[in-house]
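Heads up: the structure comes next, in C-alpha cells.
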Amino acid sequence: MPELAEVEFFRKRWHQAAAGQRIAAVRLHPKAKIFRGANPAALRRALTGAKLLSSATAAKQMLFRFGGDAWLGLHLGMSGDLRVESVDYEPTRHDHLVLVTKQHALVFADPRMFGRVQFHKGARPPAWWTKIAPAILSRDFTAEAVSTFLRRRARAPIKAVLLMQERFPGVGNWMADEILWRAAIHPRRPAGSLLPAEIKALWRESRRVCRLALATIAGRGDELPRDLNVNIPDTWLFNHRWAGGGRCPRTGVPLVREEIGGRTTCWSPGRQKMR
DNA sequence: GTGCTTGTTGGCCA
DNA sequence: GTGGCCAACAAGCA
C-alpha cells in the first residue's frame, strides 16, 4: 500500500503516540522475514528502556531515533502498516514488531512481509538513510536533473522510470499514474522521447502530486486524518483507477488499464496520447 | 482453483 | 560497465 504520503501518515501516527515516551517492552518474532539482515536481539536490547526522540520520513523509508544512539528503520513494503493499540494489546499473526510504552502499543504489521526492519547503533544516522535521493519537494529536484535522468533511461517507458527511487524517491504505482495523468503524458512513451515542455510538466506535476498527497493523506502540521485516503477528492485519478468501468474525471472517457513496466497502469486515452 | 495486488532485488541478456 | 526486463518473494482477496 504505502507510498510517500502514506508512509508519512504512518510515521506521524507512531510519533504522535510515542514521541518522548520510553519503550517499556519490545515484542517481536525474530524469525520473521521483515528482520532479514537485521539483528532482532540487539534491537530488542537497545530499544527496551530507550526514549523515542525523533522520527523522519524519506522516500518510502522511516527512521525513528531513540536514546542510546539507537535507530529503527522501517520500510512497509507492499502490505505493511503501523497502528497504535492499547497497552494490553495482544499481537496477532501478522504483527511482527510491537513497541510498548506506558500508554500504547505501537504495532508494525505486514502480511506479505515484503517490508523491512533495520536496526542501527551509532551517533550518526545509518548510511542507507543518508544515501536516499533528494526529496522531490527539495531544491535539488530540478527540471534539469529530471531531464538528464530521462536521457539516460531513454528507451524505458516513462511509467517505469517514474518508479525508480534513485530519482523519484517515494513515488509508487498510483502516484506515477497520477503524475502522468496530470501531465497528459502516455505511460508507454519512451522516456527519451519527451519534449522539453513535457519534461517540465512532468517535473511540475511530480512536485504537485507530492505536495497534494502529503497534505491530503498525511495532514498538515499536527493534524492527522482519521484514516488513509478518506480525504482524497474525486478530481484525482486515484478514486477512479481501480474499479472496472472507471472514467477519467477530466474528460469522462473510460480509463484504460494495462501492464507497463511490470505494473498495472491506468491512464486516460482522452488526454494521454502516444505522440 | 485463478488471477490479481500502492515494492524491491537479483539474475539474465543485449 | 550500463540499461532493461522479468521472476521471485508471500499472503490475502474476489
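These values consider heavy atoms only, across backbone and side chains, with no hydrogens, waters or symmetry-generated copies. Proteins get letters first, then strands, A, B, ... in listed order; numbering begins at 1 in each. As the structure is a computational prediction, the values presented were derived from the model and not from experiment.
We find that Asp222(A) and Lys12(A) are not joined by a salt bridge, their nearest charged nitrogen and carboxylate oxygen being 4.0 Å or further apart.
Classification of the Phe108(A)-His96(A) ring pair by plane angle, with boundaries at 30° and 60°, yields perpendicular.
Distances shorter than 4.0 Å separate none of the side-chain N or O atoms of His94(A) from OP1 or OP2 on dA10(C). Taking side-chain N and O atoms only, His75(A) has a distance below 4.0 Å to OP1 or OP2 of dT8(B). Residue Gln165(A) places no side-chain N or O under 4.0 Å from the OP1 or OP2 atom of dG7(B). At dC9(C), none of the side-chain N or O atoms of Lys33(A) fall inside 4.0 Å of OP1 or OP2 (strictly under the cut-off).
The CD atom of Gln118(A) sits 12 Å away from the C1' atom of dT8(B) (whole-angstrom rounding). Whole-Å rounding puts the Met113(A) CE to dA8(C) P distance at 19 Å. Atom CD1 of Ile34(A) is separated from atom C1' of dA10(C) by 13 Å (rounded to the nearest Å). Atom pair Phe149(A):CZ and dT2(C):C1' shows a separation of 13 Å (rounding to whole Å applied). The CZ atom of Arg112(A) sits 12 Å away from the C1' atom of dT8(B) (whole-angstrom rounding). Atom CG in Leu163(A) sits about 7 Å away from atom P in dG7(B), given to the nearest Å. In this structure, CG of Asp110(A) is placed 12 Å from C1' of dG12(C), rounded to the nearest angstrom. If you measure from atom CZ of Arg116(A) to atom P of dA10(C), you get 14 Å, rounded to the nearest angstrom.
Checked against dG12(C), dG4(C), dG7(B), the side chain of Glu3(A) finds its nearest nucleotide in dG7(B). The nucleotide whose nearest atom lies closest to any side-chain atom of Ala156(A) is, among dG4(C), dG7(B), dA10(C), dG4(C). The side chain of Pro111(A) has dG12(C) as its nearest neighbour among dG12(C), dA10(C), dT8(B). When distances run from any side-chain atom of Arg93(A) to the nucleotides dC9(C), dG7(B), dA11(C), the shortest one goes to dA11(C). Distances were taken from every side-chain heavy atom of Arg153(A) (C-beta onward) to each of dC5(C), dA11(C), dG4(C); the shortest belongs to dG4(C).
Geometrically, Arg182(A) engages Trp236(A) in a cation-pi contact, judged by NZ or CZ lying under 6.0 Å from the ring centre and within 45° of the ring axis.
Ala154(A) comes within 4.0 angstrom of sugar-phosphate atoms only, judged by non-hydrogen atoms across all strands, and of no base. Among the heavy atoms of the strands lying under 4.0 Å from Arg152(A) are primed sugar atoms or P, OP1, OP2 only; no base atom is included. Arg241(A) comes within contact range of no nucleotide atom at all, as no heavy-atom separation falls under 4.0 Å. Among the atoms of the strands shown, none is found under 4.0 Å from any heavy atom of Gly262(A).
Taking each heavy atom of His186(A) and Met274(A) in turn, the nearest pair found is ND1-SD, 3.4 Å.
Evaluation of Phe114(A) against the base of dC9(C) yields a stacking contact (centre distance < 5.5 Å, interplanar angle < 30°).
Put simply, CG on Asn239(A) and CG on Asp234(A) are 5.0 Å apart, with the number rounded to the nearest 0.5 Å.
Between Val87(A) and Lys102(A) there is no side-chain heavy-atom pair separated by less than 4.5 Å.
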